[in-house]
Number of protein chains: 2
Amino acid sequence: MSDGNGQGHVVIVGGGFAGVGCARALAKHDAVRVTLIDRNNYHQFQPLLYQVATSQLAPSDIAYSLRKLFRDRPNVDVKLAEIAAVDPATRTVTAADGQTWTSDAVVLAAGSRPNFFRTPGAESDSFPLYTLDQATRLRSRILTLFEDADRSPELVDRGALNFVVVGAGATGVEVAGALADLISDTMALEYRDLAVSAARIHLVDLGHVLLGPFSEGSHDYAAKVLQRKGVRTHLGVAVTAVRPGEVELADGTTIPTHCVIWGGGIQAAELAGATGLVQGRGGRLMVLPDLSVDGAPGVHAAGDVANIPDRHGEPLPQLGSVALQSGTWVADNVLADFAGKPRKAFHYHDKGIMAMIGRGAAVAEVGPHHHELHGHIAHTAWLGVHAGLMTGVRNRVDAFLAWGWDAFSSGRGPQVLDRSDAARIDWEHEQAPESAVA
Amino acid sequence: MSDGNGQGHVVIVGGGFAGVGCARALAKHDAVRVTLIDRNNYHQFQPLLYQVATSQLAPSDIAYSLRKLFRDRPNVDVKLAEIAAVDPATRTVTAADGQTWTSDAVVLAAGSRPNFFRTPGAESDSFPLYTLDQATRLRSRILTLFEDADRSPELVDRGALNFVVVGAGATGVEVAGALADLISDTMALEYRDLAVSAARIHLVDLGHVLLGPFSEGSHDYAAKVLQRKGVRTHLGVAVTAVRPGEVELADGTTIPTHCVIWGGGIQAAELAGATGLVQGRGGRLMVLPDLSVDGAPGVHAAGDVANIPDRHGEPLPQLGSVALQSGTWVADNVLADFAGKPRKAFHYHDKGIMAMIGRGAAVAEVGPHHHELHGHIAHTAWLGVHAGLMTGVRNRVDAFLAWGWDAFSSGRGPQVLDRSDAARIDWEHEQAPESAVA
């Protein structure tokens, strides 16, 4: 794979945890040249998107310029492009605008996108929460609803303050809890003329528990915390349709709402299908235990776009730490290829799973045996794991300290409403059916 | 003016320095009820907009939620609305969406908007820098130009890296200096494939000096600093037209450019004309020395929307400190009206004028005698005056410290490119004339 003098060119598609982790590991080797390509000019710290959506953090708090991250790594070049096709045979990637890059090794790390499971209206009329753009769009929608209801209190009867979260995994539970905190701690104080107590949060999931992948103790703890916050849970029930002004559940319930937050699941990025490579569950690329793609020499996949097997062949979940570790692992195997050495099978160092359910309330199941923690100690564990992710991305050791200071000490709560048209709600045409009939 | 039991209702139109200063002063008096109305849900710290445009600060660093600013002031209510008309006779303000507020006193503090002086194409094809929206739009344009040139280096010949700043007042000089720093310190390191040294900044002004209102020593210092930074100045020459892809000067020069930054002057907000009140230079509302409007009892104006006379009857400049002080002064006169006491003539406590010309280089003319300072000591004075403005707006004494830490110590440089369509450049149709002919 090398070009003969020890130099190899690696193209990495995607600047998330997997892509950045891979690029950082490769950057240490002067003989390797890296081109890191992303559709955005920044890395987004995905686990905290829900904090942007609920005005706890500013978008800039969780976005880092990719060019700046690699400014002092002369062998890493960053390119802004949307990759539309990959030819595994020639290791050529092609952007939507026609640019192409051919390389000695391609690392596919394009991440995931929401999976709407063909739910009618979900794609057009709900608010997914997987990108920074989506998080700021959701934030604007939430703030706009409060402003519109403040101006026209009769809109409350039309569901202006009803929020429906679809999916009770970590994303759904985190956004439901944070939204409840925002409403009770902030909105109730700041909207004096508005009956903020009329606001309702509904959490809907097809499964019968909250935080499915967690243990039973965590299910119960999450349910207790959310109940205390006033979140209404609808478990064991599917969402059958999302329409402007309402959501319809399989049990016949319709909830008037102008804000359906989609945390219902993810699938591989569209790019996975444009490779011609074998896809597994959720469209994720099938990889060998060493994260290379069978039959496509020099092609590797890491992070959410890949169906990564654990030691027993079971797929690992789509987590930031899996992405970061798999990206770094791929770097080692690319270097092994270049050196003519054998690749190694990926070994995931399991740090556990965790979710914040609101201020001071978290669940964490830590370490390979998933030791269960709740409350403040879980919050501390949560901070620790995110510190690891953060320092895995940013260069400076003190990055997390600066971030922690910003994020948790200043409490500035950037409730800034974009004045974009996207935030505006067409109350004439987007309405609950009762009003439509009237 | 009082409603008989000592309670008075004051409507303030505009949440800039003048409006917030006025509301904060009135909030101390429990008997007064304040409605503060702005088109945005945030106060923007206007003197630092150029730092947002040049990726030194994030938008959230200079935007504060108005509701949050007054959260602990139960007698101040914040409303999000765009006021379209004012009836001075009934002290009624009407929003574009039909909402109305009638009050005992109206404070007009709607600020300013760019003045394009009927320059053809300037309004449609240049980037003014007076609102946060405009600053983020300009930031996206700058970053998009570098990305587009990185992708298609031939665009450099079509002016992709030419930036033209119109107006050599504080806004123009500050943005030109900061842009030069951004290009030399950041872009040159981060765009490895791009001939960043081909970037050019042009600064155009009809006048014959930089920083007109400053003294001769400051004119020369600013010229020297900008020259050292490579900024080309075109003084004594008017801009005759702005077109997509080029700007045309009165001396016959045309400069191919896709980024004309308009710092050419300001005029009163459109609202001034919707009051039926007498307007002076720049459309600003004529006020008596006590900042009330002659013949309109209970109507006051403060900040940039007003033509505020100094002790000699000369109009004061449109500065943050004039706005903040005049807003606070109006609060005292409104209270005097309510108490049946005489109003007092506004006395401006002149802290001087200052401008940053780039990292570590500033000019300041401090105090009522405008003692002239340059360089680092001017930078310190600049920080001091902005600390005063900042603490005039935010509640906590340590606000400035937190801000100073964020803004100057972390140096995170949020070069985050919005993926909005607004940022995209249509290179087929927006081109320099040479290319159009070809």
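Convention: sequence-line order gives letters A, B, ...; per-chain numbering from 1.
If you take CZ on B/Arg71 and OH on A/Tyr191, they are separated by 11.0 Å, rounding to the nearest 0.5 Å. Taking CG of B/Leu80 as the start and CZ of A/Arg151 as the end, the distance is 6.0 Å to the nearest 0.5 Å.
Side-chain contact check for B/Asp193 versus A/Asp77: some heavy-atom pair is nearer than 4.5 Å. Annotation: side chain of A/Lys68 is not in contact with side chain of B/Leu189 (no heavy-atom distance under 4.5 Å). Counting heavy atoms from C-beta on, the side chains of B/Leu143 and A/Asn41 come closer than 4.5 Å. Annotation: side chain of A/Val78 is not in contact with side chain of B/Glu190 (no heavy-atom distance under 4.5 Å).
Shown are A/Glu147, A/Met187, A/Arg192; of these, the side chain to side chain contact (heavy atoms under 4.5 Å, CB included) with B/Arg67 is made only by A/Glu147.
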